[in-house]
Amino acid sequence: MADLLKLSVPGKPEYVGMVRMAISCLANSVGFDIEAIEDIKVAVSEACTNALCHSKNRAGGYEVYCEMSDDKIVVSVVDQSGGYDKNSYKEPCLDQPKEGGLGIYIIKALMDEVDIFTEIGIGTRIKMVKYTK
Amino acid sequence: MADLLKLSVPGKPEYVGMVRMAISCLANSVGFDIEAIEDIKVAVSEACTNALCHSKNRAGGYEVYCEMSDDKIVVSVVDQSGGYDKNSYKEPCLDQPKEGGLGIYIIKALMDEVDIFTEIGIGTRIKMVKYTK
Amino acid sequence: MTLHIQKSFDHNKGLWNIAPQGEVDISTAPVLRSCIDEAFNEENGNIILDFDQLRYMDSTGLGVIIGAYSRMKEKGYSIVLKNPRKNILKLLQITNLDRVLCAELYE
Amino acid sequence: MTLHIQKSFDHNKGLWNIAPQGEVDISTAPVLRSCIDEAFNEENGNIILDFDQLRYMDSTGLGVIIGAYSRMKEKGYSIVLKNPRKNILKLLQITNLDRVLCAELYE
Ligand SMILES: Nc1ncnc2c1ncn2[C@@H]1O[C@H](COP(=O)(O)OP(=O)(O)O)[C@@H](O)[C@H]1O
Ligand SMILES: Nc1ncnc2c1ncn2[C@@H]1O[C@H](COP(=O)(O)OP(=O)(O)O)[C@@H](O)[C@H]1O
């Protein structure tokens with residue numbers, strides 16, 4: 001059975017580093033190698049950054065859930081930041097670099113499975129899975 | 001106003017290290033020096049160890065709350081491990097070293113304020129405060 | 001998380017050398033942004049970002065670099081990124097920014 | 001959290017040298033306990049615990065050492081603790097165990 005760890009984090013940029021550190025500890029205990037741990041750190045940081053940056057209510061906190069099993073880690077970042085319209089999401093055009101718009105693209109590139117549930121006026125849950133292989 | 005971070009941790013020894021790492025990150029962001037950070041790490045680990053070791057129900061998880069302010073950190077470790085009788089607690093006799101019984105003594109030596117709330121049949125909450133001075 | 005940045009201007013070559021140390025994420029990206037902007041405003045010139053001591057960076061850092069790159073390009077200057085660690089190089093490759101920012105890797 | 005332990009027996013001096021590296025807490029204390037017990041059962045002799053590479057230890061580790069110390073004392077052997085880092089020395093001082101385990105600091 002998987003172990004579930006939950007973090008409730010204040011909505012401030014300075015705590016994203018702590019989340020990253022905690023997740024990297026957990027990924028290490030699951031048995032991921034250094035490269036995979038770095039991937040997970042970046043993906044989770046991107047998700048936290050989105051929870052923070054796109055929040056309609058100032059300083060709203062968010063939750064990070066981690067499920068550790070023998071062969072995988074599942075990390076979900078859940079916010080009450082107001083959600084967004086998934087249909088208007090556009091993949092970044094990599095030939096014309098822009099300042100933003102890379103977060104979800106990077107998460108999908110680094111994790112094995114990514115699911116986003118978002119409801120306008122409520123919030124967003126992004127669920128990311130990585131397997132040890 | 002203080003920032004509140006909460007960790008819900010599975011009741012297994014292998015996660016105490018992660019809690020320690022997370023708390024040391026937070027203590028660092030409050031501005032504690034290395035010696036104080038080490039003190040906080042040990043105190044919090046002792047509290048987590050107690051939540052785990054004295055649990056009547058196998059694998060019961062516990063919660064760690066951290067309040068970060070400008071001048072202090074407040075860490076509370078809360079378990080549903082069944083509590084204990086505070087009146088029967090005895091300070092360790094340091095002239096005759098024994099294998100156990102040092103945890104609470106060490107916590108009190110390392111932290112500035114320590115309060116223990118415990119109810120038999122329910123659980124224990126240990127609240128520890130350290131000031132940056 | 002901490003970010004320290006060392007910078008120096010090479011007057012002979014008209015070149016900035018900027019070396020961030022530590023981690024660039026949402027909490028420290030603004031520090032990198034203002035460091036690059038201040039440098040370029042002080043002395044217009046190309047910028048070398050030496051990433052040898054940078055342990056971590058995510059899209060918040062990429063955004064800062066792309067922003068500076070675009071603004072400098074308009075004035076005829078450029079940014080080159082040196083010595084990225086494996087994890088950061090992977091991020092640059094995923095986003096195709098390695099071809100723009102680390103051109104020398106492909107010479 | 002990780003704990004690695006190196007041990008070697010000095011046949012001339014009849015002495016174990018045991019060097020734990022990393023962290024001793026509730027998850028790794030059992031590893032230290034069985035390492036010390038196995039060594040002492042293999043060859044009875046005094047034990048030097050070289051803590052030079054030990055970054056962290058709490059009361060779970062102290063418990064292991066006190067337990068081994070008591071069992072060995074009955075048979076006329078002892079444990080000496082060398083090179084504890086500042087944080088671990090502080091713990092030993094708080095509990096008065098420095099006088100028992102690090103006697104040489106007071107010679
Ligand atoms: N947690 C979230 N809450 C609200 N909107 C979000 C969230 N995550 C993503 N979005 C929306 O999706 C867009 C794309 O996100 P992303 O790829 O991470 O790039 P960026 O955040 O840099 O814009 C964002 O601009 C935002 O509109
Ligand atoms: N969280 C807790 N739940 C139940 N009992 C506890 C808890 N914390 C402490 N105790 C009780 O207090 C005693 C003293 O604790 P401590 O000083 O940490 O030493 P030790 O845990 O090694 O016995 C324990 O033996 C236990 O009976």
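Below, read A as the first sequence line, B as the second, and so on, with proteins coming before strands; counting in each chain starts at 1.
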(Q) What part of B:Leu5 gets within 4.5 angstrom of chain A, counting heavy atoms only: side chain, backbone, both, or neither? (A)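 Both parts, backbone and side chain.
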
Between chain B and chain A, which N or O donor and acceptor atoms come closer than 3.5 Å?
{"residue": "B:Asp3", "atom": "OD1", "partner": "A:Lys12", "partner atom": "NZ", "Å": "3.0"}
{"residue": "B:Asp3", "atom": "OD2", "partner": "A:Lys12", "partner atom": "NZ", "Å": "3.0"}
{"residue": "B:Asp3", "atom": "OD2", "partner": "A:Tyr15", "partner atom": "OH", "Å": "2.7"}
{"residue": "B:Lys6", "atom": "N", "partner": "A:Ser8", "partner atom": "O", "Å": "3.0"}
{"residue": "B:Lys6", "atom": "O", "partner": "A:Ser8", "partner atom": "N", "Å": "2.7"}
{"residue": "B:Ser8", "atom": "N", "partner": "A:Lys6", "partner atom": "O", "Å": "2.7"}
{"residue": "B:Ser8", "atom": "O", "partner": "A:Lys6", "partner atom": "N", "Å": "3.0"}
{"residue": "B:Lys12", "atom": "NZ", "partner": "A:Asp3", "partner atom": "OD1", "Å": "3.1"}
{"residue": "B:Lys12", "atom": "NZ", "partner": "A:Asp3", "partner atom": "OD2", "Å": "3.1"}
{"residue": "B:Tyr15", "atom": "OH", "partner": "A:Asp3", "partner atom": "OD2", "Å": "2.7"}

Would you mind checking which part of A:Leu4 comes under 4.5 Å of any heavy atom in chain B, side chain (CB onward), backbone (N, CA, C, O), both or neither?
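Only the backbone of A:Leu4 comes within 4.5 Å of chain B.
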
